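Structure, as structure tokens:
None of these values were measured; they are calculated from a predicted model. Below, chains carry the letters A, B, ... as their sequence lines are ordered, and counting in each starts from 1.
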Number of protein chains: 2
Amino acid sequence: MKIKELEQLLSARHIKPTAMRLLVLEYLQQQNAAVSLKEAEEAYEKADRITLYRTLKTFEEKGLIHHIDDGSGATKYALCEEGCQCAPEDLHVHFHCNSCQKTFCMPKVAIPAFQLPSRFNLQEINLMAKGICADCF
Amino acid sequence: MKIKELEQLLSARHIKPTAMRLLVLEYLQQQNAAVSLKEAEEAYEKADRITLYRTLKTFEEKGLIHHIDDGSGATKYALCEEGCQCAPEDLHVHFHCNSCQKTFCMPKVAIPAFQLPSRFNLQEINLMAKGICADCF
DNA sequence: TTCTAGATTGCAATACCGTTGCATGCCCTA
DNA sequence: TAGGGCATGCAACGGTATTGCAATCTAGAA
């Protein structure tokens, strides 16, 4: 993707497009699985761990990416769909492969509705499915 | 609950009933919310943190309790229902209160079915709902 | 009862992840 | 060009999970 397009993606979320951020955004777009801070760090050895951490944090605050807690111990991050506001109705299932340890967004698998007892006020939902992914099957 | 009953619960899961384990089991039964290692530690100051950790780990391996990753950073534990094998069909929703930070099992709220793409093999499911619990509402 | 093997417990130490403070550097604007 | 604000990089810290090893306990055999 051209730099201009990347810059537009950042600007659309009100994120100032710095060199670092463009690199990280490009990297995230190239992934088909969610990435941990450590993975991103290893992909760009030049980059500082903390700066990467803060870059991801900024991206998340601005709604460009969302984090996934897959139980592996390390938080992972993946790009949001265009127009996603991370509201409950935008949420999708995440799948963690117990074989290759990768974590995937399944944007087409919506989280099915369920009924909580009354007086339980729902704000967020997170559905982690685990098993063996298509590549490892 | 009488000690004999506690011992039977442990024996039924092939766990040798030691004094420590009986205490921890009794403690777990008294909770209405899932407990973290830290909370258990504070409840029994005499007990060693690592022993508690390993006790919980043993309980989990034997299917007496299950752990819940509620995103708070600390793993929490709660008793399994009687006869639970922690298979996908045994699974229930967990609710984390963003106000009091407690995490509850909702054994009556089953996780609704959803369709993964073919060749994705499902082994575990974890559905975390977050919001405001009935007590804090 | 005594002995022994194996399991359990307790202490110490470690690894890892997330997070914050502070100083420096860059960019944009007035 | 000078100044303010944001971004970056380095160092340090805190918390949780985890392992190694030695001491202790338990259960079963002799």
- Candidates C:dA7, D:dT19, C:dT19 - which lies nearest the side chain of A:R49: C:dT19
- Task: Please determine, by modelled atom types, if A:N98 and B:E124 share a side-chain donor-acceptor pair under 3.5 angstrom.
- Result: yes
- Item | Nearest heavy-atom neighbours spanning A:R21 and A:K16 | NH1-O, 3.0 Å
- Item | Presence of A:Y53 side-chain N/O under 4.0 Å of C:dT19 phosphate oxygens OP1/OP2 | yes
- Task: Please state how far atom NZ in B:K16 lies from atom C1' in C:dA7, giving the value in whole angstrom units.
- Result: 5 Å
- Message: If I take atom CG in residue B:L56 and atom C1' in nucleotide D:dT18, what distance separates them, rounded to the nearest angstrom?
- Response: 14 Å
- Assert: residue with more 5' nearest nucleotide on DNA chain D, out of B:K57 and A:A19, is A:A19
- Message: At 4.0 Å (heavy atoms only), tell me whether B:R21 reaches a base, stays on the sugar-phosphate, or touches nothing.
- Response: sugar-phosphate
- Message: Assess, by modelled atom type and distance only, whether the side chains of B:H94 and B:H92 contain a donor and an acceptor separated by less than 3.5 Å.
- Response: yes
- Message: Rounding to an integer number of Å, can you tell me how far B:E39 CD sits from D:dG15 P?
- Response: 15 Å
- A:E61 has an atom CD; how far is it from atom P of D:dA7, in whole Å? 10 Å
- Describe the nucleic acid contact of A:T75 in one word from base, sugar-phosphate, nothing, applying a heavy-atom distance below 4.0 Å. sugar-phosphate
- Item | A:T58 vs A:D48, nearer the 5' end of DNA chain D by closest nucleotide | A:T58
- Query: What's the CG-P distance between B:D69 and D:dT16, to the nearest Å?
  - Reply: 13 Å
- Verify the distance criterion only: is there a donor paired with an acceptor across the side chains of A:T75 and A:H67 at less than 3.5 Å? no
- Message: Please classify the nucleic acid contact of A:T18 as base, sugar-phosphate, or nothing, using heavy-atom distances under 4.0 Å.
- Response: sugar-phosphate
- Send over the distance from A:E41 CD to C:dT19 P, rounded to a whole Å. 15 Å
- Between B:C136 and B:S99, the two heavy atoms sitting closest are SG-OG, 3.6 Å
- To the nearest angstrom, how far is B:Y44 atom OH from C:dT9 atom P? 14 Å
- Quickly work out the A:L23 CG to D:dA7 P distance and round it to whole Å. 16 Å
- Query: Heavy atoms under 4.0 Å, any strand shown: does B:R54 hit a base, just sugar-phosphate, or nothing?
  - Reply: base
